[in-house]
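So that the names make sense, note that chain A is the first sequence line, chain B the second, and so on, each numbered from 1.
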Number of protein chains: 2
Amino acid sequence: METRESILTSARRLFYVRGYDRTSLADIAEDAGVPKGNFYYHFKSKDDVLQAVLKARDEDVAQMLEQWGETLATPRARIERVIQMLTNDQDQLVRFGCPVGSLLSELGKGRDELKAPLLGTLERLVDFVTSQLQALGRTRTRARQDALQLLARCQGAVVMAHAYRDPKLLAREVRSIRASIATER
Amino acid sequence: METRESILTSARRLFYVRGYDRTSLADIAEDAGVPKGNFYYHFKSKDDVLQAVLKARDEDVAQMLEQWGETLATPRARIERVIQMLTNDQDQLVRFGCPVGSLLSELGKGRDELKAPLLGTLERLVDFVTSQLQALGRTRTRARQDALQLLARCQGAVVMAHAYRDPKLLAREVRSIRASIATER
DNA sequence: GTCTATATTATGATAGAC
DNA sequence: GTCTATCATAATATAGAC
């Protein structure tokens, strides 16, 4: 793997499991197995690495949603697939929180420029769910509100499960979220 | 106000609006109007200040809940009062997130000892809501699960409203949370 | 108890040889 | 492109005068 790529891979993982502020460039360099000095040939600052990480993550989400749009036949199945992320990534979510939500929270306090691309990723998810709910017959406005509500419930479930370090709590919330979707038209 | 108290007051506010890691002792000292050196006469470390802040916050929550238990007549009114926090503190929640949730998230990544007292505060809220739901006829187990769910929804609403910096989003979620309580027995 | 240095360490960032 | 050495700064923490 190229140096830049391995730096990015390490940064991406460390920013998630340790948070942005508490991950030093030395941490990243060590994890990636490259000398610290090498760093600034590929990135011009720590913030620059963050932007690259956020961009990579955003592209992954975009690709994932595109694939779900193609391979899953019904709007309901697509929404279901969004919720299923909470089950699939259960262990990591309980240990480190939501990759989007926890970073949004960390960067949310007085660093709006850094946070912007993350909001874009969140918006992608909101848009995706909104489209599915529209396909189920809701107006655009109503669909968006319900999409925000669904993702809010996901965020809340992860925050609590992360706080208590309790996978069962997460599983229970997932069942409840799922039920709230199933009963709606 | 005594020096120790003014340090604590400043720390409490800054840890909330800027986060723990991004608040330096110099920030606190300046805000409190005391020289940095003075600091270590009253506290033995930055972590020590955090513990004092968390303790003060926990005591406030405890007192608040005790008062609600005395002044509010019905279990439903008490639960309603919990939800109403989201409305009363709307502006701050949108700008800085939940004081409990955002710190839990920040300290959640690899600093369990620091986080412990915060979990205690969260647990107080869970217990309070659990008791009210028991009084409404639920079993203890079921009451606790529903209490966790209610607080999860509150956390989720604040996370999303904070991300989008949107008070309307928070208000909408509050209505939905309220409705979900009203319809249950 | 209060305040002025100052020690110490960690971190983001640079310079320059290869 | 890669690496070593180092700078500059900021932050936690300490020493010691008053």
Check: Leu14(B) main-chain N/O paired with Thr23(B) side-chain donor or acceptor under 3.5 Å: yes
Side chain Arg175(A), main chain Leu170(A), donor-acceptor under 3.5 Å: no
Please give, in whole Å, the distance from [N] [atom2] to [X] [atom1]?
X: Tyr20(A); N: dT11(C); atom1: OH; atom2: C1'; answer: 12 Å
X: Lys36(B); N: dA7(C); atom1: NZ; atom2: C1'; answer: 11 Å
X: Arg22(B); N: dA10(C); atom1: CZ; atom2: P; answer: 21 Å
X: Tyr40(B); N: dT8(C); atom1: OH; atom2: P; answer: 15 Å
X: Asp48(A); N: dT14(C); atom1: CG; atom2: C1'; answer: 16 Å
X: Asn38(A); N: dG12(C); atom1: CG; atom2: C1'; answer: 16 Å
X: Leu25(A); N: dT11(C); atom1: CG; atom2: C1'; answer: 7 Å
X: Asp27(A); N: dA13(C); atom1: CG; atom2: P; answer: 14 Å

Nucleotide interval of DNA chain D bounded by contacts with chain A (heavy-atom cut-off, under 4.0 Å): dG1(D) to dT4(D)
Check: Asp146(A) and Thr130(A) side chains under 4.5 Å, non-hydrogen atoms: no
Between Ser176(B) and Gln149(A), a side-chain donor and acceptor under 3.5 Å: yes
Short side-chain donor-acceptor distance under 3.5 Å, Tyr20(A) and Asp47(A): yes
CZ on Phe128(A) to CD1 on Ile79(A), rounded to 0.5 Å: 8.5 Å
Residue mapping more 5' on DNA chain C - nearest nucleotide basis, Asp21(A) or Gly33(B): Gly33(B)
Nearest-nucleotide 5' precedence on DNA chain D, Tyr41(A) against Gly37(A): Tyr41(A)
